[in-house]
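Before any comments, here is the structure.
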There are 2 protein chains.
Amino acid sequence: MTREAENQDETEGSGNARGGIQALDAALVVLRALAEFDGPVALIDLARAVSMPSSKVHRYLASFIHAGFVRQANRSGRYELGPLSASLGIAALGRNDFVNQAADAMPDLSEQTGMTVLLSVWGSQGATVIRWCRAPSPMVTSFGLGSNMPLLTSASGRVFLAWMPRPVISARLNLEVERAVEAGLSWPDLDLSAGSVDRLIAKIRGEGFASIDGRYVPGLRAIAAPILNWQGEAEASVTMISTSEQILSAAHPAVRQLLDFTQSQSSARSWKPAGD
Amino acid sequence: MTREAENQDETEGSGNARGGIQALDAALVVLRALAEFDGPVALIDLARAVSMPSSKVHRYLASFIHAGFVRQANRSGRYELGPLSASLGIAALGRNDFVNQAADAMPDLSEQTGMTVLLSVWGSQGATVIRWCRAPSPMVTSFGLGSNMPLLTSASGRVFLAWMPRPVISARLNLEVERAVEAGLSWPDLDLSAGSVDRLIAKIRGEGFASIDGRYVPGLRAIAAPILNWQGEAEASVTMISTSEQILSAAHPAVRQLLDFTQSQSSARSWKPAGD
DNA sequence: AAATGTATTGCGCATCGTGCAATATACATT
DNA sequence: AATGTATATTGCACGATGCGCAATACATTT
């Protein structure tokens, strides 16, 4: 195998990274690159992104598809992450994370409050719903597991807006503002100036929770609060959904219950720095 | 590389699965096996689980660790999924959004079958049509986007009846039964006893799809199947409408196409362990 | 219909993955 | 503490197999 000069950081000259398999290393680079794209990717683009011949990438993708980690969109071409990647992520999240503890406790919260509760984390595409606990009460379910919530107009997203390091969310924030401006959108409690966003952030942090009233999605109200790590950054967001206007008030018992819940969960262990 | 007999389903004799890389196939089997363990795994156990030599598995793991998909707990011992697996999964979750994906693929299904296809989710008023893909064939229908379908007497509704958590639908079910009783309605294949409903649910789940014949809405036949999420709950329902009586038979090709469609859109548990 | 762009696939060479077994290391027992 | 056992890690040599190139198939566009 005519190995190319794609060694990234190791001092090895003889082989690849200590004791690994070269083909696998290259393949994982491809997989990671695929994950970093926003949507379906053409083979050529993916190959360019990783600086490999198309045929090489294609063979990797064939194996990934065979295993279920990747799926090709239509008949013609583009590749995207497959269901097994999602399963892998769910398994990874459920390992030693706060996610498990929070998810285990969510049914209780849902039952006590009679509301639908969902748990989301910050992914490359924004706030992503990873757990979902339905309440018996009627409720609009136009989104489900894996939904990406908007940063500005969802309670879950606003939690990350307020408690995520600015650099992490800035790209997403710019994207959403840009799109809103292009679409000519305007919102009840938020214009698109930087000052308005900062004021919103300050308000959310001050109150300790974020909310969305029925003016964005008619009839839908939600409150959300962060699960914080010891650095005060949001690791996850817990959201409660209701059709009642009243939960938006800080005096409503649901707010108290939500904050109790997230604060008790915040003491759990959090993300550990990458191994490597 | 002394290749072992790890192909079990392909007819290929020369290589492995169509155009893939053997080492990568084997490595992904390992990763998948790792994900299926509950917690940290010892190398030996993982090797046994996939029937490979420890050294082989160890080299794969070295590459996975190097890429960040796997972490080893301490200096010595056990392996677990790493942060990159979580990132990958979150990205995949967003990309495998059932509703949008199904909606994107609906035109194809409509074209292949020549039938009108609609997509519904569970809303506060019951099954709610959110996408609508008309077939060229003329068809008079009185409902459109946002219509609420009955739980008992629509194919879409029956899907939710069968694949939705009982608490979620119970209120709606009671309401419909109550109203039917008050109105003195009676239906061809369903009386209003609890047992009858349970029998209907069992039948639908057994067949994998729900149907409505022309006796409820004269001249209108429909079949519907669920798009299931990771929890096995119905995330959405895909319905095909026809005026022909024949589609109600499970032998009709449209049923096959519908089930293929929904299963491909669901988070398939049907991924076979690729390796040996 | 021609043309362009892309995905897919033979093919032969030599690179590199593999199995075995030796070694290092951690853990349990006496 | 020392020994023993079990597991993780690593050389080594062979030859199977992954790789790049280029031809082909496929699809979409002008």
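Naming convention: chains lettered A, B, ... in sequence-line order (proteins, then strands); numbering from 1 in each chain. What you are looking at is a predicted structure, and each value in this text was computed from that prediction instead of being measured.
- Regarding B/Ile21, its CD1 atom lies at a distance of 13 Å from the P atom of C/dT8, rounded to whole Å.
- Checking the phosphate oxygens (OP1, OP2) of C/dT8, a side-chain nitrogen or oxygen of A/Tyr79 falls inside 4.0 Å.
- The distance from atom CZ of B/Arg78 to atom C1' of C/dA26 is 12 Å, rounded to the nearest whole Å.
- Note: NZ (B/Lys56) to P (C/dC16) measures 18 Å, nearest angstrom.
- Neither side chain, B/Ser120 nor B/Thr128, offers a donor N or O lying under 3.5 Å from an acceptor on the other.
- Distance B/Ile44 CD1 to C/dA26 P: 17 Å, rounded to the nearest Å.
- When atom types are taken as modelled, the side chain of A/Ser87 and the backbone of A/Pro83 share a donor-acceptor pair closer than 3.5 angstrom.
- At C/dC16, none of the side-chain N or O atoms of B/Gln22 fall inside 4.0 Å of OP1 or OP2 (strictly under the cut-off).
- By the side-chain hydrogen bond (donor to acceptor under 3.5 Å, both in side chains) test, A/Glu178 pairs with no residue at all, sequence neighbours left out.
- With sequence neighbours excluded, the residues that form a side chain to side chain contact (heavy atoms under 4.5 Å, CB included) with B/Asp260 are B/Arg256.
- At the phosphate of D/dC19, OP1 or OP2 sits under 4.0 Å from a side-chain N or O atom of A/Tyr60.
- Atom CG in B/Leu61 sits about 15 Å away from atom C1' in C/dG17, given to the nearest Å.
- Consecutive Watson-Crick or G-U pairing (both distances under 3.5 Å) extending over three or more pairs maps onto DNA chain C as C:1-30 with D:1-30.
- The B/His58 side chain lies nearest to D/dT9 when the options are C/dT8, D/dT9, C/dT18.
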Could you list, one pair per line, each protein nitrogen or oxygen that sits under 3.5 Å from a nitrogen or oxygen of nucleotides 10-13 of chain C, together with the distance?
unit_1 : atom_1 : unit_2  : atom_2 : d
C/dG10 : O6     : A/Arg59 : NH2    : 3.0
C/dC11 : N4     : A/Arg59 : NH2    : 3.4

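- Atom CG in B/Asp25 sits about 14 Å away from atom P in C/dG17, given to the nearest Å.
- Nearest nucleotide to the B/Leu43 side chain, out of C/dG17, C/dA7, D/dA8: D/dA8.
- Taken from CZ in A/Phe64 to CG in B/Leu24, the straight-line distance is 4.5 Å, to the nearest 0.5 Å.
- Residues passing the side-chain hydrogen bond (donor to acceptor under 3.5 Å, both in side chains) test with B/Arg221 are B/Glu245, sequence neighbours excluded.
- One atom, CE of B/Met52, and another, C1' of C/dG19, lie 14 Å apart when rounded to the nearest Å.
- At least one side-chain nitrogen or oxygen of A/Gln72 sits closer than 4.0 Å to the OP1 or OP2 atom of C/dT8.
- For B/Ala127, the side chain to side chain contact (heavy atoms under 4.5 Å, CB included) partners two or more places apart in sequence, or in a different chain, are B/Met149, B/Phe160.
- Side chain of A/Thr153 to main chain of A/Pro150: no donor-acceptor pair is present (N/O by atom type, distance under 3.5 Å, no hydrogens or angles).
- Between the B/Thr239 side chain and the B/Ala224 main chain, no donor and acceptor come within less than 3.5 Å of each other.
- We find that CG of A/Leu24 is positioned 11 Å from P of D/dC19, with the value rounded to whole Å.
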